[in-house]
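Note that these values count all heavy atoms, side chains included, but never hydrogens, waters or copies made by symmetry.
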Amino acid sequence: MSTAILTGTPVPGSPLEGDLRSLGFDVRTAPDAAAALSLLAAVPTADRVALVDQRFVGHLHTLRLALTDPRFPAAAVTGALTARPEARAALSAALTTVTNGTAAGRTSATTDAPAVRTGGTGLVTEAGRPVTHTAPATTELPLADRVTAALEADGTDVRHPELGSLVAAVPDAPAAREQALAAVAAVDDEAVRLRSAVKARDGFFTTFCISPYSRYLARWCARRGLTPNQVTTASLLTALIAAGCAATGTRGGFVAAGLLLLLSFVLDCTDGQLARYSLQYSTLGAWLDATFDRAKEYAYYAGLALGAACGGDDIWALALAAMVLQSVRHYVDFAFNEANADSTAATVNGKAVVGTPTTALSSRLDSVGWTVWVRRMIVLPIGERWAMIAVLTAVTTPRIVFYALLAGCAFAACYTTAGRVLRSVTREAVRTDRAAQALDDLADTGPLAELVARAVRRPARALPGILPLLIAVAGGAAAVATAAFGPLGSPVLVLGALVYVITSGIAVAQRMGGPLDWLVPPVFRATEYCAVLVIAARTDVPGALPAAFGLVAAVAYHHYDTVYRIRGGAGAPPRGLVRALGGHEGRTLLVAALAAFSTAESDLSPGLTLLAVAVAVIALTESIRFWVSSGAPAVHDEGETA
């Protein structure tokens with residue numbers, strides 16, 4: 001339950017109390033700060049509390065943004081403040097300070113014109129000119145604003161939502177109130193709410209072909225009490241049905257699969273828009289939305305492979321290659337973003353060095369409208385990718401679908417990776433310890449490479465900046481080459497994997513602070529996935545490639561789960577989980593040993609299947625435990641740009 005404490009001078013006929021009740025607040029009234037403190041103490045500590053001035057004038061959506069967003073411990077706009085349970089102690093201390101008179105404040109008033117506070121623009125006069133001069137202090141600040149100032153003075157992070165054209169004001173005089181009410185009437189907050197439900201930066205297909213109507217579907221869902229998690233689940237079920245249709249191998253099934261895949265994507269956009277429209281952000285929603293996109297896409301790949309098999313065409317290798325390419329491509333994005341999320345500019349002669357030729361060129365291209373959309377489309381984001389898959393499924397064959405998908409994703413991967421490499425080598429920046437630790441966590445290093453890293457840590461510190469990456473690449477190439485060309489049933493496969501274990505340990509033995517060290521985790525992903533792919537493809541045993549597909553899918557889930565924990569600020573999975581799963585080098589060695597020492601090639605399929613099941617059970621159990629726990633980040637992360 002949430003409680004709103006109304007303070008200040010009552011205003012006859014104000015709709016404020018009804019607005020707060022419509023947002024789920026139990027409304028109480030306090031005539032002064034001491035009474036508000038008493039009411040606050042009576043509210044259970046597990047409840048959200050809001051302080052709102054009774055003179056408040058603003059849009060209902062202003063109150064919704066300021067008082068109901070679950071992602072922030074404390075938030076405020078003019079005349080209104082809220083605190084979640086984790087910020088209740090700080091709120092009590094701040095209100096006590098204000099009540100005792102040590103944080104009293106007054107606002108500068110101007111007699112030029114009534115003042116209205118609008119989203120992000122501060123105080124403006126009727127003519128739209130900022131109030132820049134100082135006038136005599138005549139009006140006491142609202143209690144909520146004084147408590148907000150006390151909270152921030154004590155170091156509490158108070159969120160101030162961007163209101164845009166929405167209004168939040170506490171007018172003191174009748175003329176100022178009339179002006180504020182006119183400003184509220186001039187802006188349709190429902191239209192603003194619908195616009196803000198759509199991501200500001202999205203792909204061409206999503207922006208022009210999906211969002212113009214999916215936002216209204218999101219509103220329809222909100223008015224019927226549906227939650228984002230329910231819509232996310234509906235999107236998953238729709239995609240699984242689409243995969244089932246594709247698995248029939250019939251033309252009708254392929255057409256139905258394409259249509260259902262598009263419907264699944266519409267629902268995928270709707271769940272995020274519903275979350276933003278109704279501010280229903282949740283820990284469970286973060287987990288569902290972050291992982292279901294991959295589950296839907298990779299299940300659809302499997303459906304296409306099964307459908308092709310019905311027609312006598314074995315394309316499991318293509319399906320697995322598409323999953324490998326897509327997963328590694330995402331890891332390049334994740335690692336680069338984590339490496340540079342909070343990096344600081346290097347300095348020369350005391351001056352910060354900012355910008356690179358690559359970023360300058362990118363900015364110039366972005367200044368030309370059409371190039372923005374072209375650049376967003378050629379990276380084949382999920383909207384364009386799913387649309388291409390759906391259309392090609394309906395009108396061509398699964399083999400052609402995968403050929404087009406591999407070609408498009410390969411080009412996109414080369415384009416984005418090249419741009420990021422250029423940015424990294426030309427940008428003078430210092431990587432923070434947090435970013436270096438994130439890269440180390442993304443590496444997914446197991447116990448074997450850990451032992452090597454400990455053994456070589458001192459000499460590894462003397463390695464030049466780019467050498468750890470080159471060592472990782474060399475070791476990965478050795479593992480994949482022996483898997484591809486070494487004789488099956490021979491210890492040579494294990495030898496290549498052992499070289500990879502040693503080089504992996506050397507690559508992570510020192511702090512990942514080099515300009516290109518963010519490429520080390522993607523190199524590990526590519527090595528492990530490709531080794532599984534080529535070994536399974538070489539055996540030519542029925543069931544080996546589907547088993548390898550399942551294994552890579554299970555491992556990729558663990559890697560995506562690691563990414564979204566880090567992005568949510570919750571840190572990497574427990575080291576015990578990583579060790580239990582063997583790390584990337586341990587799993588690669590185990591698969592190589594299965595291929596080298598199986599008494600018959602047919603033994604590889606059961607071995608890969610058992611490994612896939614073990615990884616899936618261990619990773620999913622820990623993941624579910626974390627994402628439904630109180631320690632999970634309360635964000636609705638939509639993952640890849642649509």
Note to self: Assess the residue pair Leu380 and Phe411 against the criterion (side chain to side chain contact (heavy atoms under 4.5 Å, CB included)); give the C-alpha distance rounded to whole Å, side-chain angles, the decisive distance to 0.1 Å, and a yes or no.
What the structure shows: CA-CA 9 Å; Leu380 212 61; Phe411 174 80; over 6 Å; no

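- Put simply, the side chain of Val552 does not reach to within 4.5 Å of the side chain of Leu533, judged on heavy atoms.
- Taking Arg376 as the reference, nothing meets the salt bridge (Lys or Arg N to Asp or Glu O under 4.0 Å) condition, with sequence neighbours excluded.
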Scan the side chains in residues 459-474 for donor-acceptor partners under 3.5 Å anywhere in the protein, sequence neighbours excluded, and list what turns up.
none

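- A salt bridge links Asp433 to Arg511: one of the charged nitrogens lies within less than 4.0 Å of a carboxylate oxygen.
- Remark: Thr393 pairs with Tyr300 by the side chain to side chain donor-acceptor pair (under 3.5 Å) rule, at least two apart or across chains.
- Using a cut-off of 4.0 Å between Lys/Arg side-chain N and Asp/Glu carboxylate O, Arg71 and Glu86 are scored as not salt-bridged.
- Judged by distance alone, the side chain of Thr562 and the main-chain N or O of His558 form a donor-acceptor pair under 3.5 Å.
- When all heavy atoms of Asp314 and Arg399 are compared, the pair lying nearest together is O-NH2, 3.6 Å.
- Applying the side chain to side chain donor-acceptor pair (under 3.5 Å) criterion to Glu585, with sequence neighbours excluded, gives no partner residue.
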Check: What's the verdict on side chain to side chain contact (heavy atoms under 4.5 Å, CB included) for Val452 and Ser504, showing C-alpha distance, side-chain angles and the deciding distance?
Finding: CA-CA 8 Å; Val452 175; Ser504 297; over 6 Å; no

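- Within the structure, ring-ring contact (aromatic ring centres under 6.0 Å, His included) pairs that include any residue of residues 456-512 comprise Tyr500-His584 (at least two apart or interchain).
- For the pair Trp386/Lys296, a side-chain contact is recorded, criterion being any heavy-atom separation below 4.5 Å from C-beta on.
- Residues Tyr301 and Leu405 form a side-chain contact, since some pair of their non-hydrogen atoms from C-beta on lies under 4.5 Å apart.
- Considering only residues two or more places apart in sequence or on other chains, Arg251 meets the side chain to side chain donor-acceptor pair (under 3.5 Å) condition with none of them.
- A salt bridge does not link Glu338 to Arg431: none of the charged nitrogens lies less than 4.0 Å from a carboxylate oxygen.
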Next item on the list: Give the intermediate values and the outcome of ring-ring contact (aromatic ring centres under 6.0 Å, His included) for residues Tyr560 and Tyr557.
Entry: CA-CA 5 Å; Tyr560 279 109; Tyr557 174 84; 8.4 Å; no

